[in-house]
Amino acid sequence: MAVLKRRVPMHSLRYFLSLVGLFSKPRLLPWYARNPLGWSKLFLGTVCKGDFTHVIATKYQKGQKSRKKPRHLGPVDGSWQERLADVVTPLWRLSYEEQLKVKFEAQKKILQRLESYIQMLNGVDVTTAVSKSERLSFLLHPIIPSGNIVCVQSNHLKNIPEKHTQVAQYYEVFLRQSPLEPCLVFHEGGYWRELIVRTNSQGHTMAIITFHPQELSQEELHGQKEIVKEFFIRGPGAACDLTSLYFQESTMTRCSHQQSPFELLFGEPYIFEELLSLKIRVSPDAFFQINTAGAEMLYRTVGELAGVNSDTILLDICCGTGVIGLSLAQHTSQVLGIELVEQAVEDARWTAAFNGITNSEFHTGRAEKILPGLLKSKEDGQSIVAVVNPARAGLHYKVVRAIRNCRAIRRLVFVSCKLHGETTRNVIELCCPPNPAKKLLGEPFVLQQAVPVDLFPHTPHCELVLLFTR
């Protein structure tokens, strides 16, 4: 499933930079200042100065200076498409094989520094650990290429699927004829906030328009809904052949369905995707990987590392639409999923029922509130394999504590989309010696394997699957 997220107006550079929400600036988290100086110097102090992939790519580019015209550097006066691609997809000028090398080296460098710090916590001389950092104590697999290789050419952005581009272009036509201004920044006013386009492998398209109502009355708001609906049903936008069009009022940067419901203006309420022999339902508020082919490889990797059997319970934390757990349900005694987004949990339950899976159970809410009680109810000696797939913010410390202190969990698969900041702290607290002050009393985990998976060609981003055992 592919997703395009756009803000308006079209001509604004700020708009284009928000078009693909792949980048976030490194931030010094509150706990950073409370950690020992050795920690900041060894790991975070370096990471927070810049992304490792950017650093390595820069070094790689410097090594290519012998070329008359380096392929990785565009002209200063290049087209806006090229300059945009340099910011949003900065690796696009490298061949895909070169991109994979850059990403692999970046992931390796992060893991080396992380391992050094964990070794220091376990009593190993830090200087010795750093000097031997080229050799990892765990197995680092080669990077798995994306299942959907796309090219960005100098005169066109090919990494945006054609249907997404079509919907966005017609939406621009609508905005230009609308008397209401776009909304880029709340305090500057405006109404039309954002366009999200989701497509599946069958070509079905769901469009979600986010709208800031400002001071509009309910009657005026209803009028705007009818106007945009008419545009995409019988107006020029009908050429997009949308499967569904949703509308959400939003007075915040991000609103969940519970905070401000998604209103279906027309069409089907869901779109569906085929993945790992499952038919999966996807709601407008549910997370689903944008690179379906890459996601399938990612989830297969998770399944192989999980090593579940008929005697184990699979605990799927931050499960989204439940794909990982449901794809492994036939190999395990029970699947327990936890997810914050209610619509995603409803999708997971539907997917389980439609595919005839009867040994799954999904819980809605914050993992830090649900997990401790759920683990207590399963303290019957049965082995638990845990899979965690958190957002970039990482896991809540209470979730890490609950996993660490549950003796039944001997195997843990951690899927990280950003092994910096809070996620790094998660890994450290899973692997550090017992710490009564932090209530980390269980036996520490040991990192055994790491598998980078590329879901985002031409960008510095890479998923990293980590296997811990104890």
Side-chain angles (χ1 to χ4, degrees), residues 1 270 272-283 285-289 292 294-375 377-378 380 382-391 395-396 399 402-403 406 408-417 451 453 455 463 465-469:
M1 178 168 299
Y270 314 103
F272 300 86
E273 189 59 276
E274 303 285 339
L275 187 65
L276 297 174
S277 302
L278 298 172
K279 182 174 182 177
I280 301 158
R281 192 182 84 174
V282 183
S283 297
D285 201 28
F287 172 79
F288 198 89
Q289 288 286 0
T292 305
E296 186 156 359
M297 293 187 294
L298 174 69
Y299 297 154
R300 287 188 188 280
T301 300
V302 172
E304 291 171 4
L305 294 180
V308 296
N309 56 54
S310 58
D311 296 324
T312 59
I313 294 174
L314 177 62
L315 180 61
D316 192 356
I317 303 171
C318 307
C319 67
T321 54
V323 180
I324 293 176
L326 293 175
S327 67
L328 298 173
Q330 61 180 320
H331 305 295
T332 188
S333 65
Q334 186 181 23
V335 174
L336 299 174
I338 303 174
E339 169 59 37
L340 176 63
V341 179
E342 184 177 353
Q343 282 195 338
V345 171
E346 292 173 359
D347 289 339
R349 290 170 179 162
W350 183 94
T351 299
F354 181 87
N355 292 279
I357 298 171
T358 58
N359 63 336
S360 63
E361 181 182 301
F362 293 94
H363 301 264
T364 306
R366 296 188 178 279
E368 60 268 25
K369 294 183 178 181
I370 295 175
L371 184 60
L374 189 61
L375 289 177
S377 69
K378 299 298 177 181
D380 54 3
Q382 191 170 8
S383 176
I384 299 176
V385 174
V387 174
V388 296
N389 186 12
L395 295 171
H396 193 280
V399 176
I403 294 172
C406 179
I409 301 177
R410 312 296 297 178
R411 197 173 185 91
L412 169 67
V413 180
F414 198 122
V415 183
S416 172
C417 58
V451 187
V453 183
L455 263 64
E463 299 281 323
V465 186
L466 305 171
L467 171 63
F468 299 91
T469 63

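Nothing fancy with the numbering, it's 1 onward along the sequence. These numbers come from a predicted model, not from an experiment.
Scanning both residues, Ser277 and Asn355, for their nearest heavy atoms gives O-OD1, 4.2 Å. For the residue pair Gly325 and Val335, the shortest heavy atom distance occurs at O-CG2, 3.4 Å. Across every non-hydrogen atom of Ala306 and Val385, the tightest pair is O-CG1, 3.6 Å. Leu467 approaches Leu305 most closely through the heavy-atom pair CD1-O, 3.6 Å. Here the closest heavy-atom approach between residue Leu326 and residue Ala348 is recorded as CD1-O, 3.7 Å. Looking at every heavy atom in both residues, Gly294 comes nearest to Leu455 through O-CD1, 3.6 Å.
Judged by distance alone, the side chain of Gln334 and the main-chain N or O of Asn359 form no donor-acceptor pair under 3.5 Å. Formation of a donor-acceptor pair under 3.5 Å by the Ser333 side chain with backbone atoms of Thr312 is found in this model. Remark: the backbone N or O of His396 is not paired with any side-chain donor or acceptor of Glu368 at under 3.5 angstrom. Thr332 places no side-chain N or O within 3.5 Å of a backbone atom of Ala329 that could act as its donor or acceptor partner.
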ring-ring contact (aromatic ring centres under 6.0 Å, His included) evaluation trace for Trp350 with Phe272: CA-CA 11 Å; Trp350 183 94; Phe272 300 86; 5.2 Å; yes
Working for side-chain contact (heavy atoms from CB on, under 4.5 Å), residues Ile313 and Ser383: CA-CA 6 Å; Ile313 294 174; Ser383 176; over 6 Å; no
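Of the inter-residue distances, the one linking Leu328 atom CG with Ile357 atom CD1 reads 10.0 Å to the nearest 0.5 angstrom. In this structure, CG in Leu340 is found 10.0 Å from NZ in Lys369, a value given to the nearest 0.5 Å. Interatomic distance, Ile324 CD1 to Leu276 CG, rounded to the nearest 0.5 Å: 9.5 Å. The structure places CD1 of Ile370 at 11.5 Å from CG of Leu375, a figure rounded to the nearest 0.5 Å. To the nearest 0.5 angstrom, Cys417 atom SG is 7.5 Å from Asn389 atom CG.
Side-chain atoms of Phe288 and Leu275, non-hydrogen and from C-beta on, do get closer than 4.5 Å to each other. Residues Val323 and Thr351 form no side-chain contact, since every pair of their non-hydrogen atoms from C-beta on lies 4.5 Å or further apart. Side chains of Leu314 and Val387 form a contact here, defined as non-hydrogen atoms less than 4.5 Å apart. Side-chain atoms of Ile317 and Pro390, non-hydrogen and from C-beta on, never get closer than 4.5 Å to each other. Within the 4.5 Å cutoff, side-chain heavy atoms of Arg349 are placed close to those of Thr364. Under the 4.5 Å side-chain criterion, counting only non-hydrogen atoms from C-beta, Leu374 is in contact with Leu336. The side-chain heavy atoms of Ile403 and Leu315, taken from C-beta on, include no pair separated by under 4.5 Å. Side-chain contact between Gln289 and Leu298 is present, with heavy atoms from C-beta onward closer than 4.5 Å.
Judged by distance alone, the side chains of Asp347 and Thr321 never bring a donor and an acceptor atom under 3.5 Å apart. For the residue pair Ser416 and Glu463, no side-chain donor N or O sits within less than 3.5 Å of a side-chain acceptor on the partner.
Note that Arg281 lies in the cation-pi zone of Tyr270, set by a 6.0 Å cut-off to the ring centre and a 45° limit from the axis.
Using a cut-off of 4.0 Å between Lys/Arg side-chain N and Asp/Glu carboxylate O, Glu296 and Arg300 are scored as salt-bridged.
Ring pair Phe468/Phe414 is perpendicular by interplanar angle, where above 60° counts as perpendicular and below 30° as parallel.
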